[in-house]
Visitor: 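Got a structure for you, questions after.
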Amino acid sequence: MTSSPAARWQLEAEAPAGRSATDSANARRYRLANGLAVITLLDKRAPIVALQTWFRVGSRHERPGATGMAHLFEHLMFGQTEKMPPGEFDRLVERTGGESNAATWVDWTYYRLSLPARDLALGIQLEAERMQHLVLETGPVESERDVVTNERRERVEDDVDGWLDEQLMAHAFTLHPYRWPTIGWMEDIRALSLPDIRAFYRTWYAPNNATIICVGDFDEPALLDLIAHHYGAIPPAQLPEVAEVPEPEQTRERVVRAPKPIATDRLLVGYKAPGQDDPDWAVLEIVSTLLAGCPSARLYRRLVIEREAASSVDAQLTPFRDPSLLRLAVTAARGHSADEILAVIDAELAAMATTPPSPAEVEKAKAIAETDFWTSLVDVDGKAEALGHYEIALGDFRKVNTLAERLAQVTAEDVARVVRTYLIPDRRTIVIAEPEDEGAEEDEDVA
Amino acid sequence: MSKPTVIVETSSDTPLVWFDIAIRGGASADPRGVEGLHRHASLLARRGAGRRDRAELDDTLDGLGAAIEIGVSRDSVSISGLALARHLDAVIDVTADILAEPRFAEDEHARLLRETPQVLDEIRDDDNALATRWFDWLCSPGHAYGRTSLGTEASLTRIERAASIELWKREVVADNLVIGLAGDIDEQAAARVVTRLTERLPTTPRPNQAIEVAPAPVRGRRVILVDKPDRTQAQLRIGHLCARYGETDTAALALAEAVFGGMFSSRLMQEIRVKRGWSYGAGCALRRSRLPHWFEIWMAAGIDVAGQAVALTLDLFADYAANGPTDDEVDFARSYLIGAMPFHVATARQRMQLAVRDAVFELPPGYTANLPEALATLTAEDVRAACRRNLRPDDAVTVAVTTADEAQQALGQANAGTLTRVDHDEY
């Protein structure tokens, strides 16, 4: 370790994150004595900064019966603090021309400020204030609870894709916390108690559970001084031990069907896949592209173009810390069924498992991955999100480069091997939404 | 000699190049009864061109890690591309073929006609998209922007391959294009790209594209209740035909929009979400287009409070139209909008896209990027006067996508005007 420009900071890590014509393209991680980490990356193309505060707390840190707690904070953290009346946070940010938002997922929660460079000090002051002094009282909590229940109605109850997603995770996982939705079950959202909400804040919102990411036009020594000034005296919290809950091996296919007010069948299939840090994750990312990640992808060609059995097909490998899913989402065309589509998926996977793709096909997926990699680093917000995700979910921002290297090394034989290993019926969960008949019961059918 | 409008924004911070080619025209120029023609023709052009059929074209682009996508707005068709700089020449070759030598293959024409109704199904499955589709259709009947870019079940049956070919021949001429390039490309390379894209195009003049505007605005409030089963919410749209982006009142209306529904601190967000928790979001916008377009309010209220949400919103809107924002609100919104501009022009791609849009709207170069200068000179009274001139709450149409049996009575009592009930899948 070496001393940083600000004496109280320790420089822990440094690595390239993208490229820059004008600035150092190196991101650096510093740490304060109370455990607060800061990752900096200069980008002076525009007089703006992305200031993000990432916390190592997501829906995986909740307990059954109190789901949705981490996400509720995504709302509450914009409320009253000891020094700021309700609404003041948003007004101060918006007066600068900046914007604030937040996101919660299974492994993390982060708070995003996009600010004019001249207002960086205000952003740091606001973030430090709400990390320590959030006021949690009944009135504002109940109001935000109503907002969250409406958010859930919009994104799940009245959205078939949201429903499919929720059902997939709920049936694919039997023990791991990934089984409940990040927004929480409706009955849990309604039941979260004020004492529990306050305890959650005291437990997780602490400097030693946070990483500040700053990307943009700033002076690094001045930034570190500012952060030290506003955060240096905040004591670290006693973070609880988080028990690892390994998901048991899935040994047979699970199927869920339910009628919905939709025009045609919708199908969501989730195959158990390793966590993002596993070497096979990069291979599955290539598989995902080959199956449905581009117009020449195999499933797109078979289902949408050749058979005209589907109107859309999509593949996604979830970037979670623990083993998760490779998901295939398909919307059936009129006159075609989910079962027919499933048979095509099985045939294509069987072909890929026995006959490795051509080197040209693999190179195609790598070229697309390279474009995607650079696209994610185009603006300051994208750079900050990439650094934050890898730092919090995988423990080190430098893994953004590791993944790119892994993708470049994937071979056709790797592709066939992971298809044989992971993309098999016994390791999958299927959720099907079917058009409801007039007067049909809406019972869910689980097999 | 006919020449395209060209915009270049250079940045070497990533090894990527973006291009946007706008073909002036768009869905508002679809013939009446043949809605969807521009979308159909442009998607068909992407499905095989020059020596490559659809599969070969896709294989070529994917092999380069590149993408070319088609978009259709009310005012233009756009061909948007993304390429690694080292592969740009090869991607431009494909794009030039799409512009100059699309195959318009018979089999792809027929396939696309079979595919498009499936997109209609996907919209009907999505309450948010469905509310927008109905609002666009009925906000100002007769206006060209009420013409759906996707088409209808009936209009799709009238789309012919020959009409697609004719449209492409007429509109894809150099003089009718706006070409934007951004990223790892310098001026010299950009000039070569523009030549490559246009050298095989006809040199005929830009076609005359007179667009129909509604003969007279519809008067009085109306409610369109779009009935869909099993809803827990009502997706709501409220609005009316308003001003053209680029008119004298544009800057004042930008401030008015920000105060009423363009920020988290705005009146709608505070009244609907913060005070009452009725909707996850609530906002408004004046749609930016070449011709007068909608002023639109949106939210998704719980079905049990949908009627109250509509009634309150209309009351707030009426008060705002009559009295406008306060002096403090105008100062706040001005500070927000001026401070926000650097975020909209931070990357080369953003600057290029804004400039392309301005050109399609036939606005002076830099119009949008320079709006902060106009904002700085406005008084609060200017904004209030613009509200009085342009906002018409008494003529607002309300579209609600929800379960009619549960919401009809409350919506009928919301002082929102005459109510018409329709099935969600009939348009």
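Both backbone and side-chain heavy atoms feed into the values below; hydrogens, waters and symmetry mates do not.
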Visitor: Using non-hydrogen atoms only, which part of B:Arg46 is less than 4.5 Å away from chain A: side chain, backbone, both, or neither?
Guide: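 For B:Arg46, side-chain heavy atoms alone lie under 4.5 Å from chain A.
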
Visitor: Does any backbone or side-chain atom of B:Val274 lie under 4.5 Å from a heavy atom of chain A? Answer side chain, backbone, both or neither.
Guide: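 Backbone of B:Val274 only, per the 4.5 Å heavy-atom cut-off to chain A.
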
Visitor: Counting only non-hydrogen atoms closer than 4.5 Å, does B:Arg86 touch chain A with its backbone (N, CA, C, O), its side chain (CB onward), both, or neither?
Guide: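 Side chain of B:Arg86 only, per the 4.5 Å heavy-atom cut-off to chain A.
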
Visitor: Specify which of A:Ile305, A:Asp372, A:Ile368, A:Asp161 makes the most heavy-atom pairs with chain B at under 4.5 Å.
Guide: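 Between A:Ile305, A:Asp372, A:Ile368, A:Asp161, the count favours A:Ile305.
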
Visitor: Among the options B:Met263, B:Arg111, B:His87, pick out the one with the most heavy-atom pairs lying under 4.5 Å from chain A.
Guide: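 So the answer, after comparing B:Met263, B:Arg111, B:His87, is B:Arg111.
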
Visitor: Using a cut-off of under 4.5 Å for heavy-atom pairs, which of A:Val380, A:Asp146, A:Val147 has the most such pairs with chain B?
Guide: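 Option with the top pair count is A:Val147.
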
Visitor: Checking heavy atoms, do the side chain of B:Arg124, its backbone, both or neither come under 4.5 Å from chain A?
Guide: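 Answer is side chain: those atoms of B:Arg124 sit under 4.5 Å from chain A.
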
Visitor: Please evaluate residues A:Arg334 and B:Glu115 with respect to the criterion salt bridge (Lys or Arg N to Asp or Glu O under 4.0 Å), reporting the C-alpha separation (whole Å), side-chain torsions for both, the decisive distance (0.1 Å), and the verdict.
Guide: CA-CA 9 Å; A:Arg334 293 177 185 179; B:Glu115 280 177 16; over 6 Å; no

Visitor: Hey, are B:Thr232 and A:Glu157 close enough side-chain-wise for a donor-acceptor pair under 3.5 Å?
Guide: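 No, no side-chain donor-acceptor pair sits under 3.5 Å.
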
Visitor: Report which part of B:Trp278 has an atom under 4.5 Å of a heavy atom belonging to chain A: side chain, backbone, both, or neither.
Guide: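 Only the backbone of B:Trp278 comes within 4.5 Å of chain A.
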
Visitor: Check the pair B:Arg349 / A:Asp379 against side-chain contact (heavy atoms from CB on, under 4.5 Å), numbers first and verdict last.
Guide: CA-CA 10 Å; B:Arg349 185 188 184 200; A:Asp379 58 28; over 6 Å; no

Visitor: Side chain from CB out, backbone as N, CA, C, O: work out which of these in A:Glu151 comes under 4.5 Å of a heavy atom of chain B, or both, or neither.
Guide: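 Both backbone and side chain.
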
Visitor: Could you tell me which portion of B:Asp59 (side chain, backbone, both or neither) has an atom closer than 4.5 angstrom to a non-hydrogen atom of chain A?
Guide: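 Both parts, backbone and side chain.
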
Visitor: With no hydrogens and no angle check, do the side chains of A:Asn150 and B:Ser279 hold a donor and an acceptor under 3.5 Å apart?
Guide: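 Result is no, nothing qualifies.
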
Visitor: Does any backbone or side-chain atom of B:Gln270 lie under 4.5 Å from a heavy atom of chain A? Answer side chain, backbone, both or neither.
Guide: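 Neither; nothing under 4.5 Å.
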
Visitor: Quick one: list whatever passes side-chain hydrogen bond (donor to acceptor under 3.5 Å, both in side chains) with B:Thr116, sequence neighbours left out.
Guide: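 So B:Thr116 forms a side-chain hydrogen bond (donor to acceptor under 3.5 Å, both in side chains) with B:Arg39.
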
Visitor: Which atom names give the shortest non-hydrogen contact between A:Ser143 and B:Arg273, and what distance separates them?
Guide: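 Shortest heavy-atom separation between A:Ser143 and B:Arg273 comes out as OG-O, 4.1 Å.
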
Visitor: If I measure from the heavy atoms of chain B, does A:Glu142 come under 4.5 Å with its side chain, its backbone, both, or neither?
Guide: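 A:Glu142 has no heavy atom closer than 4.5 Å to chain B.
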
Visitor: Sort A:Arg155 into side chain, backbone, both or neither according to what part of it lies under 4.5 angstrom from a heavy atom of chain B.
Guide: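 Contact with chain B is through the side chain of A:Arg155 alone.
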
Visitor: For B:Met269 and A:Asp90, what are the C-alpha separation, side-chain angles and deciding distance, and is it a side-chain contact (heavy atoms from CB on, under 4.5 Å)?
Guide: CA-CA 12 Å; B:Met269 202 68 158; A:Asp90 290 307; over 6 Å; no

Visitor: Looking at every non-hydrogen atom in both residues, tell me the closest pair between A:Ala333 and B:Gln118 and how far apart they are.
Guide: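 Taking A:Ala333 first and B:Gln118 second, the nearest heavy atoms are CA-OE1, 3.3 Å.
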
Visitor: Quick one: what part of B:Arg114 sits under 4.5 Å from any heavy atom of chain A, side chain, backbone, both or neither?
Guide: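 Answer is side chain: those atoms of B:Arg114 sit under 4.5 Å from chain A.
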
Visitor: So which residue, B:Ile303, B:Asn128, B:Leu84, ends up with the most heavy-atom pairs under 4.5 Å with chain A?
Guide: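 Greatest number of close heavy-atom pairs with chain A: B:Leu84.
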
Visitor: Under 4.5 Å heavy-atom distance to chain A, tell me which part of B:Leu82 shows up: side chain, backbone, both or neither.
Guide: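 Only the side chain of B:Leu82 comes within 4.5 Å of chain A.
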
Visitor: Mind checking the CZ-CG spacing from A:Arg95 to B:Asp331? Nearest 0.5 Å is all I need.
Guide: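 Going from the CZ atom of A:Arg95 to the CG atom of B:Asp331 covers 7.5 Å.
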
Visitor: Taking all heavy atoms of B:Arg231 and all of A:Pro261, pick out the closest pair and write down the distance.
Guide: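 The pair with the smallest heavy-atom distance is NH2-CG, 3.2 Å.
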
Visitor: Under the side-chain contact (heavy atoms from CB on, under 4.5 Å) criterion, do A:Arg91 and B:Tyr336 qualify, and how do the steps go?
Guide: CA-CA 10 Å; A:Arg91 282 192 290 274; B:Tyr336 168 70; over 6 Å; no

Visitor: For the backbone of A:Ser296 and the side chain of B:Asp62, can you confirm whether one donor and one acceptor N or O come within less than 3.5 Å of each other?
Guide: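 Yes: the side chain of B:Asp62 pairs with the backbone of A:Ser296.
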
Visitor: For A:Tyr111, enumerate each residue passing the side chain to side chain contact (heavy atoms under 4.5 Å, CB included) test, keeping only those at least two apart in sequence or located in another chain.
Guide: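 For A:Tyr111 the side chain to side chain contact (heavy atoms under 4.5 Å, CB included) partners, ignoring immediate neighbours, are A:Phe55, A:Phe73, A:Met77, A:Phe78, A:Ala102, A:Thr109, A:Glu127, A:Arg130, A:Tyr205.
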
Visitor: Among B:Asp184, B:Leu16, B:Asp13, find the residue that satisfies the side chain to side chain contact (heavy atoms under 4.5 Å, CB included) test when tested with A:Trp374.
Guide: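 Of the listed options, the one satisfying the test is B:Leu16.
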
Visitor: Between B:Gln235 and A:Asp158, is the side-chain contact (heavy atoms from CB on, under 4.5 Å) condition met? List the steps.
Guide: CA-CA 10 Å; B:Gln235 273 285 349; A:Asp158 285 5; over 6 Å; no

